[in-house]
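Note that the structure is a prediction, hence the values are computed from the model and not measured. Quick note: numbers below take in every heavy atom, side chains included, and nothing from hydrogens, waters or symmetry partners.
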Amino acid sequence: MSEHGIIGRWQIIAWEQVYDDGRRTYPMGQQVEGFIQYDPDGRMMCMLCRGDRQNFTTGGQWNASQDEKAAAYSSMLAYAGTYTFGGDTVSHHVDLSAFPNWKGGTQKRRIETIDAGQVALVARLEEGTSEARTARLIWKRG
């Protein structure tokens, strides 16, 4: 897939992580929602969440219970920045992230073309540890 082929908005279909020991997980459940967007000017953003997120019942976004705020954080991933394209890899250069450790870093994703309307973004995570795994996110144009 060329750089121009990735430009646009992609809806998430599935996010699966397969650990080297055979475990298989779905970080945002099997009803994941969200999108990734690549703009022609080199900017990108990604927002993913569980499809079954619960509304707060103990207050608003600032004064809800710590448990509800922790559950909200654990059920969503969001980041934005710029991207560069090289071969079959897209590199996300993170300017802002709900996970503060990503700010200023680069997230590399290998692009696998599934068909004309779908792609998979694949990453190796925590290589060399007991949590080493391959994350595979499948997206459809839209």
Measure the spacing between [atom1] of [X] and [atom2] of [Y] and express it to the nearest 0.5 Å.
{"X": "Q107", "Y": "S97", "atom1": "CD", "atom2": "OG", "answer": "8.0 Å"}
{"X": "T89", "Y": "Y83", "atom1": "OG1", "atom2": "OH", "answer": "14.5 Å"}
{"X": "L137", "Y": "L48", "atom1": "CG", "atom2": "CG", "answer": "6.5 Å"}
{"X": "M44", "Y": "H93", "atom1": "CE", "atom2": "NE2", "answer": "10.0 Å"}
{"X": "R9", "Y": "K140", "atom1": "CZ", "atom2": "NZ", "answer": "12.5 Å"}
{"X": "T134", "Y": "L125", "atom1": "OG1", "atom2": "CG", "answer": "7.5 Å"}

Mind listing the closest non-hydrogen atom pair of [X] and [Y] along with its distance?
{"X": "T58", "Y": "S65", "answer": "OG1-N, 2.7 Å"}
{"X": "G81", "Y": "D95", "answer": "CA-OD2, 3.4 Å"}
{"X": "E68", "Y": "N55", "answer": "OE2-O, 4.0 Å"}
{"X": "P100", "Y": "A98", "answer": "CD-O, 3.2 Å"}
{"X": "I36", "Y": "C46", "answer": "CG1-CB, 3.9 Å"}
{"X": "K108", "Y": "A123", "answer": "O-CB, 3.7 Å"}

Joint hydrophobic cluster, [X] plus [Y], side-chain heavy atoms closer than 4.5 Å:
{"X": "I12", "Y": "I111", "answer": "yes"}
{"X": "M28", "Y": "F99", "answer": "yes"}
{"X": "W15", "Y": "Y73", "answer": "yes"}
{"X": "W10", "Y": "I7", "answer": "yes"}
{"X": "L96", "Y": "M76", "answer": "no"}

**OP:** Hey, can you tell me if W102 and Y79 have their rings parallel, tilted or perpendicular (30° and 60° cut-offs)?
**Re:** perpendicular
Original post:
Counting only heavy atoms not in Q31, do more than 12 fall under 6.0 Å of its CD?
Top reply: no
**OP:** Please lay out, stage by stage, how K69 and F56 fare under the test side chain to side chain contact (heavy atoms under 4.5 Å, CB included).
**Re:** CA-CA 8 Å; K69 287 192 269 186; F56 287 4; 4.1 Å; yes
Original post:
For Q66, which residues count as a side-chain hydrogen bond (donor to acceptor under 3.5 Å, both in side chains) partner, sequence neighbours excluded?
Top reply: none
Original post:
Can you tell if the side chain of L121 reaches within under 4.5 Å of the side chain of W139, non-hydrogen atoms only?
Top reply: yes
**OP:** Decide side-chain hydrogen bond (donor to acceptor under 3.5 Å, both in side chains) for R43 and T82; before the verdict, give the C-alpha distance in whole Å, the side-chain angles of both, and the deciding distance to 0.1 Å.
**Re:** CA-CA 4 Å; R43 308 276 318 151; T82 60; 5.2 Å; no
**OP:** Can you spot which of E112, E16, Q17 makes a side chain to side chain donor-acceptor pair (under 3.5 Å) with R136?
**Re:** E112
Subject >> D115 bridged to R141 by N-O distance under 4.0 Å >> reply: no
Original post:
Taking only residues two or more places apart in sequence, or in another chain, which ones meet R53 in a salt bridge (charged side-chain N to carboxylate O under 4.0 Å, His left out)?
Top reply: none
Subject >> Chi angles and distances behind the side chain to side chain contact (heavy atoms under 4.5 Å, CB included) call for Y38, H92 >> reply: CA-CA 10 Å; Y38 296 98; H92 302 155; 2.7 Å; yes
Original post:
Any donor-acceptor pair under 3.5 Å linking the side chain of D21 with the backbone of R23?
Top reply: yes
